[in-house]
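In this text, all values refer to a predicted model and were calculated from it rather than measured experimentally.
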Amino acid sequence: MKNEIRKKYLLVRKMINNKSDKDNIIYNKVINNKRVIDSEQVLIYVSMKEEIDTRRLINYFLMNKRVAVPRVEGNIINFYYIKSMDDLCEGTYNILEPRGNDIVVDFNKTVSITPLICYSLSGYRIGYGKGYYDRFYQKNNMYKIGLGYKECLVDNTNNLEYDIKMDEIITD
């Protein structure tokens, strides 16, 4: 069931018009979000293809917060601090990952910006299906924000017991 939803909303995302306008709206909502403003560090993925642009957010956060980006290591992800986009190289699934080894171990005053394909009003998301973020959030507590286009809102994500709910979803 989730795979059909995933396929459908990957296509929906590809067909979105005025993506840059929507990305700008989401960017402004994120940088003005009270939880984000009050945080000391941000865990954030590097966007690719039809995902909401996080590269602009990363560059913004690098000016005023500690920023960490995920790296896939076996069947888990860990987050490593970066000081600039130059600290990234192509890694697993051709996603930009940090090359350094300054791993995040303290998640106090942390906001995590999480990728998703689609989401429900109840705060559950469907990601890419590997479970990296769910496993990470089971072990580490922080404020979790998903970024999604309003076209990717679904009635039901068919969540399972190990699916972790987002604290907030920011949309256009």
Give a yes-or-no answer on whether the side chains of Ser112 and Tyr133 include a donor-acceptor pair shorter than 3.5 Å. no
In terms of the angle between their ring planes, are Phe79 and Phe136 parallel, tilted or perpendicular, with boundaries placed at 30° and 60°? tilted
So, using salt bridge (Lys or Arg N to Asp or Glu O under 4.0 Å) as the criterion, who are the partners of Lys150 when residues are at least two apart? none
If we only count heavy atoms from C-beta on, is the Thr114 to Leu147 side-chain gap below 4.5 Å? no
Measuring only between side-chain heavy atoms, which start at C-beta, is Val154 closer than 4.5 Å to Tyr119? no
Here the pair of heavy atoms bringing Leu121 nearest to Leu153 is N-CD1, 3.6 Å
Is the cationic atom of Arg135 (NZ for Lys, CZ for Arg) positioned less than 6.0 Å from the six-membered ring centroid of Tyr137 and within 45 degrees of its normal? no
Donor-acceptor under 3.5 Å (Arg55 side chain, Val46 main chain): no
According to side-chain contact (heavy atoms from CB on, under 4.5 Å), who are the partners of Ile95, at least two apart in sequence or on a separate chain? Met48, Tyr93
Residues which pass side chain to side chain donor-acceptor pair (under 3.5 Å) with Lys19, listed by chain and number, not counting sequence neighbours: Asp23, Tyr149
Arg125 and Asn159: side-chain donor and acceptor closer than 3.5 Å? no
Is the number of heavy atoms from other residues, nucleotides or ligands within 6.0 Å of CG (Asp155) greater than 12? no
Shortest non-hydrogen contact from Val104 toward Ala68: CG2-CB, 3.4 Å
Within the 3.5 Å criterion, strictly below it, is a donor on Asn3 or Arg6 matched to an acceptor on the partner's side chain? yes
Between Asp102 and Lys83, does at least one N-O distance fall below 4.0 Å, as a salt bridge requires? no
Any side-chain donor paired with an acceptor under 3.5 Å for Glu168 and Tyr143? yes
Under a 4.0 Å threshold between the charged nitrogen and the carboxylate oxygen, would Lys109 count as salt-bridged to Glu40? yes
Would the distance check show the side chain of Glu97 and the main-chain N or O of Val72 forming a donor-acceptor pair, the cut-off being under 3.5 Å? yes
